[in-house]
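To start, the structure under review is shown below, and the notes come after it.
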Amino acid sequence: NAGVTQTPKFQVLKTGQSMTLQCAQDMNHNSMYWYRQDPGMGLRLIYYSASEGTTDKGEVPNGYNVSRLNKREFSLRLESAAPSQTSVYFCASSVEMNTEAFFGQGTRLTVV
Amino acid sequence: GENVEQHPSTLSVQEGDSAVIKCTYSDSASNYFPWYKQELGKRPQLIIDIRSNVGEKKDQRIAVTLNKTAKHFSLHITETQPEDSAVYFCAASDSSGGYNKLIFGAGTRLAVHP
């Protein structure tokens, strides 16, 4: 039982490049989330998926897109990376909204 | 939407002392208030949570209190130990948009000195 698994763990992008962060959970959770963590700003919600088939914007969605591929997988895409997107990205899942969230190990992304 | 403010941003205590971290929230409809601990280089993990129908919850050395009227909640750690050193995040549920999602505070870096 791996919990929430994110790939990759580290990534360096050049400005304007695109990439997709992958996230999968094996806990049969309905809800999944993407957060970014920046120094002094806590965890900010980018997008979430309350259940398979639905996605919604969070606090800071600009510059990102998401896909809930199936119940297990929730990916985050940066279409044209910018230095302001340098951050640590965490995927999380929960049985349903408003319950304990379990986090992945994080992806440290640097955009140069 | 929900706004969560957390204080202090850093806290330094001696081993054995108590530590208190406070959060305020803006959405009177919020009904779920978890606390997460994040050790250096690790993922956040839930340590305790409380729902709006109770005023206090305790789990060994940690406790959370909730004042719905004043819209604030606090984390209390007693008999602190060096392994309590970490960043602590509070969160509150935000019901705008039809779904309850968690909005986090900016975090408190707790240092426990032997």
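Quick note on labels: first sequence line is chain A, next is B, and so on, each numbered from 1.
Of the listed residues B:Glu2, B:Gln6, B:Arg51, the one with more heavy-atom pairs under 4.5 angstrom with chain A than any other is B:Arg51. The candidate with the highest count of non-hydrogen atom pairs below 4.5 Å against chain A, out of B:Pro44, B:Gly107, B:Gly1, is B:Pro44.
Summarising the local packing, NZ of B:Lys68 is surrounded by more than 12 heavy atoms from other residues, nucleotides or ligands at distances under 6.0 Å. Counted within 6.0 Å of CD on B:Glu83, heavy atoms from surrounding residues, nucleotides or ligands total more than 12; the atom is thus considered enclosed. Heavy-atom contacts from other residues, nucleotides or ligands closer than 6.0 Å to CD of B:Glu79 number 12 or fewer.
The parts of A:Leu43 that come within reach of chain B are both its backbone and its side chain, each placing non-hydrogen atoms under 4.5 angstrom from that chain. For a residue to count as touching a neighbouring chain, one of its non-hydrogen atoms must lie under 4.5 Å from one of that chain's; by this rule B:Pro34 does not touch chain A. The contact between B:Ser93 and chain A is made by backbone and side chain atoms together, counting heavy-atom distances below 4.5 Å. For B:Arg109, no part sits under 4.5 Å from any heavy atom of chain A, backbone or side chain. Of the two parts of B:Gln38, only the side chain, counted from C-beta on, holds a non-hydrogen atom closer than 4.5 Å to a non-hydrogen atom of chain A. The part of A:Val4 that comes within reach of chain B is its backbone (N, CA, C, O), which places non-hydrogen atoms under 4.5 angstrom from that chain.
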Without placing hydrogens or testing angles, list every side-chain donor-acceptor pair under 3.5 Å for residues 99-106 of chain B, not counting sequence neighbours.
unit_1: B:Lys101; atom_1: NZ; unit_2: B:Ser96; atom_2: O; d: 2.1
unit_1: B:Lys101; atom_1: NZ; unit_2: B:Tyr99; atom_2: O; d: 3.4

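Listed by sequence position, A:Met97, A:Asn98, A:Thr99, A:Glu100, A:Ala101, A:Phe103, A:Gly104, A:Gln105 are the residues of residues 94-112 of chain A in contact with chain B, using a 4.5 angstrom heavy-atom cutoff.
Here the closest heavy-atom approach between residue A:Phe90 and residue B:Arg43 is recorded as CE2-CA, 3.9 Å.
When the side chains of ILVMFWY residues are joined at heavy-atom separations under 4.5 Å, either directly or via intervening members, A:Tyr35 and A:Tyr48 end up in a single hydrophobic cluster. A continuous path of hydrophobic side-chain contacts links B:Ile47 to B:Val13 [ILVMFWY only; heavy atoms under 4.5 Å]. No continuous path of ILVMFWY side-chain contacts below 4.5 Å connects B:Val4 to B:Val87, so the two sit in separate hydrophobic clusters. The same ILVMFWY cluster, assembled from side-chain heavy atoms under 4.5 Å apart, contains both B:Ile77 and B:Leu66. Linking Ile, Leu, Val, Met, Phe, Trp and Tyr whenever their side-chain heavy atoms come within less than 4.5 Å puts B:Ile48 and B:Phe33 in one cluster.
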